[in-house]
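What follows is one structure encoded as C-alpha cells, with my remarks underneath.
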Amino acid sequence: MSSLPSQLSARVETVAGIDPELRAATKPQFGHFQSNVALRLAKSEGVPPRQVATRIVAELDVDDLCEPPEIAGPGFINFRLKSSVLADFVTTQLADPAHGIVASATPQVVVLDYSSPNVAKQMHVGHLRSTIIGDCLDRVLSAAGHQVIPQNHVGDWGTQFGMLVEQIIETETDVAALTLASAEEVYQQANAHFKSDEDFATRARQRVVALQSGDVATRAIWRQLIDISLVGFNEAYGRLNVRLSDRDLAGESMYNDDLPNVVTDLEESGAAVMDDGALCVFVEGFNSPMIVRKRDGGFGYSATDLAAIRHRVRDLHADRLIYVVGSPQTFHFEQVFAVARKSGFLPDDVSAEHVAFGQILGADGKKFSTREGTAVTLSSLLDAAEEQASPPIAIAAIKYADLSTGLNKDYVFDIDRMVQTSGNTGPYLQDAHARMAQVLRRAEAEGLTTQTLVSVLDEPAEQTLALVLSGYGEVIAEVAMTLQPHKLCSYLYDLSGALATFYEQCPVLKAEGPVRDSRLALCLATKQVLASGLTLLGIEALERM
RNA sequence: GCCCCCAUAGCUCAGGGGAUAGAGCAAAGGUUUCCUAAACCUUGUGUCGCAGGUUCGAAUCCUGCUGGGGGCGCCA
C-alpha cells in the first residue's frame, strides 16, 4: 500500500507539474501536510504565489483523500486528510503482517560489514557503535525486503599476532587456559615487550613470517587465540541481543590466500606500481598512495579490503556494500573505494558506502585507548548499566542512547546519561509499549474481543495518532536508504508522544460501542508499530515493565 | 601544508531552502477514589560560532575566517 503523502503528492504533481515537496505540517493548524509548490512556481509563472496556489487548488482533485485544501501565509497549500481515509489506512496497517512496511520494489543483495572486533582484545566501548548500528541496519534493510549478508570482519591477522604468539611461546603460557580478558593482558605485555626489547621485536617479526607461511605450531596458537576470542565476542553479542553469529564471520585472515591474486590483478591492469620499494596505487585526488604491499613484502590492510570487495562483489553478488566503521577511517574507505573502482573490482552498478560514526570519548573528552588501559570494556559498561535496570531495559537504554543521536558526531561516554529511563530514551518507548499491552490485557480480561477495525477518529488526539502510525512505512524506507537509525528513533518517540496525548485524552475501556472498539484497534495498531520499530532497533518490546 | 567532520537553549541533541527554530535533561509548580506515576500537564530559556554572498525567502546553499576534533605511503 502506497503511503498517504505519496498518493497526495502524485495528485498535486499532475497539476503543478513539479514535485510539490510535501512535508509534514509544522503546526497543527496547518493541517497534516504542507506544500510550498506555489511559492516556487510564482517566479517562473510571473504570478503572485497565492494566485498560483489558488489555481492549483482549483484544479486539484483530492476530494477522496482530503478536506478542501487551504491556502495560508505567503502561499502555502495545507492539506488535511479525511479522518475516514486515515481510519481505513490504519485498519489496513493493522491487518498487515509488516505493519505498513513496504518491501522495496528493487530488492538488493546488501553486504553489511560491522562489529569487527580484534582477536585477543576485549570489545570496548568503541566497538559498541559499530555493533549496535550495524545490527540495526541489518534488521531495517532486511525488513525493507533486501537480502542482507552480514560480514564480521574480525581483526584476526596482521603483525600484532607475531609478537603475541612469540610472547606466548617465550613465557610458556598455556593458551588453552586463557580467556579473552587474560589474552588481552598477554597482548599488552607483548606490546610493552616489543617496544622495550629489540631482540624480542626481531623474533616477533620472524614469527609473523612463520604465521603467514603456515608454520604449524604458530598457526595452532593463533587458532586458539581466535577460538577463545570468539567465545568472548559471542557472549557480548548475546548480552546485546545482536544477531551476529559464527556464520557471519569473515575475518581478515580469510582473504590471506587471495592477496597475491589481487596483486596480480592490480599489476596486470597497470593500476599498481612499485614506489620506494612498496607496491602502491596512485589515484587522482588523493595526495598519498594506497599501499598494497609493504616494502618488507607484507600486505597492508588496504590489500585485505580490496580482496574483500572483490569477494563480496564477485562471489556474494552484492548490489550494495556497507561498512559500519568509525569516522577516522573515512579517508581510508574513500581511497579503497576509488582504487576498487579504478581496478575493476567494484563495478559502477554496485554502490559502496561508509557509514561513518563518531568516536566515543572519555569523560575528559579524549579518545579511549586500549593500550593505555583507559578504555572501558563493553562488558563493564553492560555490568554498570544492569546495576541500574534489568538487562532488557539496560540494553534498551544503551542502544537507544547510541542510535538516537546522529551518526557523525563524537560523543562523550556518560553512563548516567545512557541509562536514563525518562524522556527520549529506550525505556520510555518500552514503557509506552507495555502500557498498550496492559490496556489490551485488561480488555481481554473484560471479555472484549480483539478489534480489527479503526472506524472512528473524531478526537484530534485520535487523528494525530493515526496520522503518525500511517507514516511508519515511509520512515523505514528512509532509514533503509539513508542508513540513519536516529530517524527511526525520532519517529518512535513522536509516536509515543502522540500515544501519550491519546491515552490521556481518550478513555479506551471506559468508552462504549464503536468508539471503544475503534480505540482498542488503534491501541493494538500502535502496540504493533512500537514493537516492530523497537525490534528493528534491536530493542526488546516488553509486555510488562 | 593539504583533506574531512563538528559548532543551534544552562547541558545533551533534532531540524540541512519555506510560516513564529524544536525535543529531552536540568530548574519551578501541578496531576493518582480515574485503562501501570519508568507516566501526564504547566512555566521560562536562543547573536542557530563570526563576516560576506546567492535567493522572494538562509540555522539550512556558496566563499572566507575563528575555535574544537580527526585523517594524510609502509599499524590494522
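Below, read A as the first sequence line, B as the second, and so on, with proteins coming before strands; counting in each chain starts at 1.
Contact check, A:R442 against B:rU36: a side-chain N or O comes under 4.0 Å of OP1 or OP2. Residue A:K294 places at least one side-chain N or O closer than 4.0 Å to OP1 or OP2 of B:rA76. Residue A:K409 places no side-chain N or O under 4.0 Å from the OP1 or OP2 atom of B:rC6. For B:rA76, neither phosphate oxygen OP1 nor OP2 lies less than 4.0 angstrom from any side-chain nitrogen or oxygen of A:K121. Regarding contacts with the backbone of B:rG15, a side-chain N or O of A:H486 is found under 4.0 angstrom from either OP1 or OP2.
Applying the Watson-Crick and G-U wobble criteria (two distances, each under 3.5 Å), B:rU54 pairs with nothing in any strand. Nucleotide B:rC48: unpaired (no Watson-Crick or G-U wobble partner with both distances less than 3.5 Å). Using Watson-Crick or G-U wobble geometry with both donor-acceptor distances under 3.5 Å, B:rA27 finds its partner in B:rU43. Nucleotide B:rC35: unpaired (no Watson-Crick or G-U wobble partner with both distances less than 3.5 Å). A 3.5 Å limit on both hydrogen-bonding distances identifies B:rC72 as the Watson-Crick or G-U partner of B:rG1. Searching all strands for a Watson-Crick or G-U wobble partner of B:rU66 with both distances below 3.5 Å returns B:rA7. Base pairing of B:rA19: no nucleotide in any strand meets the Watson-Crick or G-U wobble criterion (both distances under 3.5 Å).
Note: A:Y323 and A:F337 meet the aromatic proximity criterion, with ring centroids under 6.0 Å apart. Aromatic pair A:H486/A:Y493: ring centres not closer than 6.0 Å.
A straight line from CG of A:D156 to C1' of B:rA76 spans 11 Å, rounded to a whole angstrom. A:L499 places its CG atom 16 Å from the P atom of B:rC35, with the value rounded to the nearest Å. Counting to the nearest Å, the P atom of B:rG17 and the CZ atom of A:R23 are 8 Å from each other. Rounding to whole angstrom units, CG of residue A:N424 and P of B:rA14 are separated by 11 Å. Put simply, CG on A:N191 is 13 Å from C1' on B:rA76, counting in whole angstrom units. Atoms CD1 (A:I291) and P (B:rA76) sit 11 Å apart, rounded to a whole Å. Taking atom CG on A:L542 and atom C1' on B:rA38, their separation rounds to 11 Å, with Å as the unit. For the pair A:N36 CG and B:rG18 C1', the computed distance is 6 Å after rounding to whole Å.
For B:rG64 and B:rU54, the C1' atoms lie 15 Å apart once the distance is rounded to whole Å. Nucleotides B:rC40 and B:rA23, compared at atom P, are 14 Å apart to the nearest Å. B:rA7 and B:rG17 have their P atoms separated by 15 Å, given to the nearest Å. Comparing the C1' positions of B:rA59 and B:rG18 gives a spacing of 13 Å, expressed to the nearest Å. With C1' as the reference atom, B:rC41 and B:rU63 are 48 Å apart, rounded to whole Å. A distance of about 37 Å separates the P atoms of B:rA76 and B:rG15, rounded to the whole Å. Look at the C1' atom in both B:rG24 and B:rC65: the space between them is 34 Å, to the nearest Å.
Applying the 3.5 Å distance criterion, the base of B:rA37 shares no donor-acceptor pair with the side chain of A:D431. The base of B:rA76 sits within donor-acceptor range of the side chain of A:Q329, with an N or O pair under 3.5 Å. Scanning atom types as modelled, one donor and one acceptor separated by under 3.5 angstrom connect the side chain of A:Q34 and the base of B:rA19.
Checking A:P328 against A:L509, the closest nucleotide of RNA chain B that is more toward the 5' end is the one next to A:L509. Both A:C280 and A:P507 lie close to RNA chain B; mapped to their nearest nucleotides by heavy-atom distance, the more 5′-ward contact belongs to A:P507.
Using a 5.5 Å limit on the distance between ring centres and a 30° limit on the angle between planes, the aromatic ring of A:Y428 does not count as stacked on the six-membered base ring of B:rA38. Judged by centroid separation below 5.5 Å and plane tilt below 30°, A:Y301 does not stack onto the base of B:rC75. Centre separation under 5.5 Å together with a plane angle under 30° does not hold for the ring of A:F76 and the six-membered base ring of B:rG18, so they are not marked as stacked.
Taking CZ of A:F233 as the start and NE2 of A:H127 as the end, the distance is 7.5 Å to the nearest 0.5 Å.
No salt bridge links A:E67 with A:R80; every basic N to acidic carboxylate O contact stays at or beyond 4.0 Å.
Under the 3.5 Å distance criterion, the side-chain polar atoms of A:T218 are left unmatched by any main-chain donor or acceptor of A:L211.
For the residue pair A:R23/A:S35, the side-chain donor-acceptor check at 3.5 Å is not satisfied. With hydrogens and angles left out, the side-chain atoms of A:R441 and A:Q438 include a donor and acceptor closer than 3.5 Å. Between the side chains of A:H332 and A:D305, at least one donor N or O sits under 3.5 Å from an acceptor N or O.
Regarding the sugar-base torsion, B:rG73 falls in the syn class, its angle being within 90° of 0.
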